[in-house]
Amino acid sequence: MEKITLGTRNVSIEFPGVKALTDVNFEVSTGVIHALMGANGAGKSTLMKVLAGSNPGYTGEVLYNGQKVELRHPMDAKKLGIQIVYQEVDMALVPNLTVAENVMFNDTVMNMKGKLFMNYAKLRKSAREVLKQLNVNIDVRQICGKLSLAQKQMVLIARAIQNECNFLILDEPTAPLSDTETEELFRVVNHLRETKNMAIIFITHRIHEVIRICDSYTVMRNGMIVDTTPITASTTSKEIVDKMLGRSIEENFPKEICEIGEKAFEVIDLTEKEGKVKNINMHVRKGEIVGLAGLVGGGKTELCKTLFGAFRKSSGRIIMNGKELKIKNPSDAVKNRMALVPEERRKEGVLVAETVTFNMAAASLDKYCHLTFVNGVLTAKNAKKYVDELQIKTPSIRQKVAFLSGGNQQKVAVGKWLAADSDIYIFDEPTKGVDVGAKQEIFRLINQIAKEGNCVIYATCENSELLSITDRMYVMFDGRITAELVTKDTNETEIMRYSTGEVQAAFQ
């Protein structure tokens, strides 16, 4: 099949206070799977948004098959068969529309001019055919807002490939997916490359996936490309990480020794009102990091939100320092010195339209308010303290959080709770979408929280992280805890057996 190339020549782009790209020369051809790697803030997403027509303010040239093209609007890119699926799925979907309407959204918008009626039967049939290519079984009549994160991701990928597509850009596509769903995505990606001669560009931090599925990779650092290399049998994850960070780094994240005290947080027979979590019994001691393991959909996020009052419980008790807590909503949780860093940081963890300063004070505004006035001097001092401590990369504490990289947004989400001075910190997938350097910083931060005598609950699908940072862990499957494991005495195989339900209800 004839190859088509897409690339850039001396492309630069600058945002207020930030030089995001500097003279970038990049090229990819159809028929390959190519990874784009780099630390948070390296410029990966910015470059891909240029190719997708979402960053019109670039200088330099975009080349399509060697010819200069202008990509100043997403429609310019789509007409050339360039499609992108963004990491933040909720920002791209229309939650009140059905799966069929979201899958066929681009086609519907472009073809409805002058038409009074929509042929919904045809729309649903077309959506089913696209989803069938992905081997995904989702009811096309279902409202998208009610889907799981993994299902929303598949809907967006289906939307991208239902149009003419030569170049498919996937931004952290496997972050919300289970192992089984990831395998299905890889099958689809290989199918698209082999049968449709499509180029797939992966923006990802999951290096083991890159080595497994990609043909080549490009590394970016500080808005510039530092290396483009084919992937061979000798390619290692450490080699890629060292290029990403510009220095050698240890691959493991050793757990720091913390003095573990008495039982401080306890959950007894907790059941969520709609049955998303059932009969949960667990506890956390002072200075202890307790993991929540399990696959996507196992109930980890639902348990975190139930503990924090975002989901209502139908029965059970939550006890802190010997006192039963009455938590009906997140406000009650905050009053009882609880903190939650949620999985969907842009939707729930930070206020993207507000500044770093405001976000850092958002969980503890009473400390900075007098009557109806916020003390700007105190909030600025607080923001500067945590920007320095967490090494948040921002041109100013007045910068809007929307313009920070994903890893730095995550640090802001953590920093606002540090300022609130809580007793128990609940982290739900805190390293999702962040690079290995930022991951180490987040691990050091969590260790420090535990060393100060606080309780920590750490929920993640990444078993390697649980084995690195936790003291104990509870494994969840189908909304229930199936095992309690001591970290130093377990391994990934045992965790996976309980996560998949292979070993049923071992823990009650």
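Side chains are part of it too, since the values below use all heavy atoms of this structure and drop only hydrogens, waters and symmetry mates.
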Trainee: Check this for me: does any side-chain nitrogen of one of Asp242 and Lys238 sit under 4.0 Å from a carboxylate oxygen of the other?
Mentor: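 Judged by the 4.0 Å cut-off on N to carboxylate O distance, Asp242 and Lys238 do form a salt bridge.
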Trainee: Backbone N or O of Thr229 within a donor-acceptor pair of the Ser216 side chain at under 3.5 Å?
Mentor: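 Pair absent, no side-chain N/O of Ser216 close to backbone of Thr229.
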Trainee: Stepwise, does the side chain to side chain contact (heavy atoms under 4.5 Å, CB included) test hold for Phe403 with Val401?
Mentor: CA-CA 5 Å; Phe403 296 116; Val401 171; over 6 Å; no
Trainee: With sequence neighbours excluded, what pairs up with Thr59 under the side chain to side chain contact (heavy atoms under 4.5 Å, CB included) test?
Mentor: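 Checked Thr59 against side chain to side chain contact (heavy atoms under 4.5 Å, CB included); matches are Ser12.
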Trainee: Give a yes or no on whether a salt bridge exists between Arg312 and Glu272, defined as a side-chain N under 4.0 angstrom from a carboxylate O.
Mentor: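 Looking at Arg312 and Glu272, the cut-off is not met.
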Trainee: What I'd like to find out is whether the side chain of Phe167 reaches to under 4.5 Å of the side chain of Val28, using heavy atoms alone.
Mentor: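 A side-chain contact under 4.5 Å exists here.
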Trainee: Run the salt-bridge test on Glu462 and Arg206 with the 4.0 Å N-O cut-off and return the result as yes or no.
Mentor: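 Between Arg206 and Glu462 there is a salt bridge, with a charged N closer than 4.0 Å to a carboxylate O.
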Trainee: Heavy atoms, side chains only, cut-off 4.5 Å: are Lys263 and Glu266 in contact?
Mentor: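 Yes, side chains in contact.
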Trainee: Where is the tightest heavy-atom contact between Pro173 and Leu185, given as atom of each residue plus distance?
Mentor: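 Smallest interatomic distance, heavy atoms only, reads CB-CD2, 3.8 Å.
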Trainee: Does the side chain of Lys243 reach to within under 4.5 Å of the side chain of Glu239, using non-hydrogen atoms?
Mentor: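 Heavy-atom side-chain distance check passes, below 4.5 Å.
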Trainee: Please check if atom NZ in Lys367 has more than 12 non-hydrogen atoms from other residues, nucleotides or ligands closer than 6.0 Å.
Mentor: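 Buried by this count: over 12 neighbours within 6.0 Å.
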Trainee: Are the side chains of Tyr58 and Thr46 in contact, using a 4.5 Å heavy-atom criterion?
Mentor: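 No. Closest side-chain heavy atoms not under 4.5 Å.
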Trainee: Please step through side chain to side chain contact (heavy atoms under 4.5 Å, CB included) for the pair Ile13 and Thr22, ending with a clear verdict.
Mentor: CA-CA 7 Å; Ile13 192 165; Thr22 304; over 6 Å; no
Trainee: Would you tell me whether Glu465 and Tyr458 have side-chain atoms, one donor and one acceptor, within less than 3.5 Å of each other?
Mentor: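 Yes, side-chain donor-acceptor contact under 3.5 Å.
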Trainee: Quick check for you: to the nearest 0.5 Å, what is the distance between Ile449 atom CD1 and Leu445 atom CG?
Mentor: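 Output value for this atom pair is 4.5 Å.
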Trainee: Which value, rounded to the nearest 0.5 Å, describes the distance between Leu292 atom CG and Thr301 atom OG1?
Mentor: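 Going from the CG atom of Leu292 to the OG1 atom of Thr301 covers 9.5 Å.
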Trainee: Near Lys400 NZ, under 6.0 Å, is it more than 12 heavy atoms from other residues, nucleotides or ligands?
Mentor: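 Open.
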Trainee: Would you say the side-chain atoms of Asn382 pair up with the backbone N or O of Leu378, donor to acceptor, closer than 3.5 Å?
Mentor: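 Looks like no, no N/O pair under 3.5 Å.
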Trainee: In terms of side-chain geometry, is the basic nitrogen of Glu302 or Lys300 positioned less than 4.0 Å from the acidic oxygen of its partner?
Mentor: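 Salt bridge: no.
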Trainee: Could you tell me whether a side-chain N or O of Asn359 sits under 3.5 Å from a main-chain N or O of Leu351, the two making a donor and an acceptor?
Mentor: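 Indeed, once roles are kept as given, a pair shorter than 3.5 Å links the two residues.
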Trainee: Counting N and O atoms only, with roles assigned by atom type, does the side chain of Lys384 sit under 3.5 Å from a partner on the main chain of Ile397, one being a donor and the other an acceptor?
Mentor: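 Flag not set: sc Lys384 to bb Ile397 has no pair under 3.5 Å.
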Trainee: State whether the number of non-hydrogen atoms from other residues, nucleotides or ligands found under 6.0 Å of Arg398 atom CZ is greater than 12.
Mentor: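 No, because the 6.0 Å sphere around CZ of Arg398 holds 12 heavy atoms or fewer from other groups.
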Trainee: Taking atom types as modelled, find out whether Tyr86 and Ser54 have a side-chain donor-acceptor pair closer than 3.5 angstrom.
Mentor: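 The answer is yes; a qualifying pair exists.
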Trainee: Quick one: are Leu6 and Leu51 in side-chain contact, heavy atoms under 4.5 Å?
Mentor: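 They are in contact (side-chain heavy atoms under 4.5 Å apart), so the answer is yes.
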Trainee: Give, for atom CZ of Phe202 and atom CG of Asp171, the distance between the pair rounded to the nearest 0.5 Å.
Mentor: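 Taking CZ in Phe202 and CG in Asp171, the distance rounds to 11.5 Å.
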Trainee: Evaluate the criterion salt bridge (Lys or Arg N to Asp or Glu O under 4.0 Å) for residue pair Asp76 and Arg72; output intermediate values, then yes/no.
Mentor: CA-CA 7 Å; Asp76 298 334; Arg72 307 292 178 177; over 6 Å; no
Trainee: For atom CD of Glu70, decide whether the heavy atoms of other residues, nucleotides or ligands shown that lie under 6.0 angstrom number more than 12.
Mentor: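 For Glu70, atom CD is crowded (more than 12 foreign heavy atoms under 6.0 Å).
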Trainee: Taking the side chain as C-beta and beyond, is there a heavy-atom pair between Ile260 and Lys286 under 4.5 Å?
Mentor: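 Ile260 does not reach Lys286 side chain to side chain.
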Trainee: Please, which pairs that meet side-chain hydrogen bond (donor to acceptor under 3.5 Å, both in side chains) have at least one residue in residues 349-358, sequence neighbours excluded?
Mentor: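 Found none.
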Trainee: Is there side-chain contact between Thr394 and Asn408, with heavy atoms separated by less than 4.5 Å?
Mentor: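 No, their side chains stay 4.5 Å or more apart.
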Trainee: Quick one about Thr218 and His34 (side-chain donor to acceptor, distance below 3.5 Å, no hydrogens or angles considered), yes or no?
Mentor: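 Present: a donor and an acceptor within the cut-off.
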Trainee: Which atoms form the tightest heavy-atom contact between Glu209 and Thr204, and what is the distance?
Mentor: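 Here Glu209 and Thr204 meet closest at OE1-OG1, 4.3 Å.
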Trainee: Can any side-chain N or O of Asn55 pair as donor or acceptor with the backbone N or O of Lys49 at less than 3.5 Å?
Mentor: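 Checked: no pair found.
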Trainee: Does a donor on one side chain sit under 3.5 Å from an acceptor on the other, for Thr487 and Thr470?
Mentor: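 Yes, Thr470 and Thr487 have a side-chain donor paired with an acceptor closer than 3.5 Å.
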Trainee: Whether Lys273 engages the ring of Phe311 as a cation-pi pair (distance to the six-membered ring centre under 6.0 angstrom, angle to the ring normal within 45°) should be assessed.
Mentor: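 No, Lys273 and Phe311 do not form such a contact.
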Trainee: Evaluate salt bridge (Lys or Arg N to Asp or Glu O under 4.0 Å) for Arg472 paired with Glu484, printing each intermediate quantity in order.
Mentor: CA-CA 7 Å; Arg472 285 185 303 119; Glu484 177 186 3; 2.6 Å; yes
Trainee: Scan side-chain atoms only and decide if Glu429 and Thr460 contain a donor-acceptor pair under the 3.5 Å cut-off.
Mentor: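 Checked: Glu429/Thr460 side chains pair up, N/O donor to acceptor below 3.5 Å.
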Trainee: Working to the nearest 0.5 Å, report the span between CD1 of Ile469 and CG of Asn447.
Mentor: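 Spacing of CD1 (Ile469) from CG (Asn447) equals 5.0 Å.
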Trainee: Atom CD1 in Ile280, atom CE in Met282: separation rounded to 0.5 Å?
Mentor: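 Atom-to-atom, Ile280:CD1 and Met282:CE are 8.0 Å apart.
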Trainee: Could you state the interatomic distance from NZ (Lys323) to CG (Asn336), rounded to the nearest 0.5 Å?
Mentor: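 Going from NZ on Lys323 over to CG on Asn336, the span is 5.5 Å.
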Trainee: Hey, are the side chains of Asn102 and Arg159 touching, using non-hydrogen atoms and a 4.5 Å cut-off?
Mentor: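 The answer is yes, as the side chains (C-beta and beyond) meet within the 4.5 Å cut-off.
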Trainee: Can you see which heavy atom on Pro56 is nearest to which on Gly53, and at what distance?
Mentor: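 Smallest interatomic distance, heavy atoms only, reads CD-O, 4.5 Å.
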Trainee: The test is side chain to side chain contact (heavy atoms under 4.5 Å, CB included); show your working for Arg317 and Val267 and say whether it passes.
Mentor: CA-CA 6 Å; Arg317 295 189 293 155; Val267 179; over 6 Å; no
Trainee: Check the surroundings of atom NZ in Lys152: do more than 12 heavy atoms from other residues, nucleotides or ligands lie under 6.0 Å from it?
Mentor: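 Correct, the count exceeds 12.
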Trainee: Distance-only, no hydrogens or angles: does the Tyr474 side chain make a donor-acceptor pair with backbone N or O of His283 under 3.5 Å?
Mentor: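 Yes, the answer is positive, given that a donor and an acceptor are paired below the 3.5 Å cut-off.
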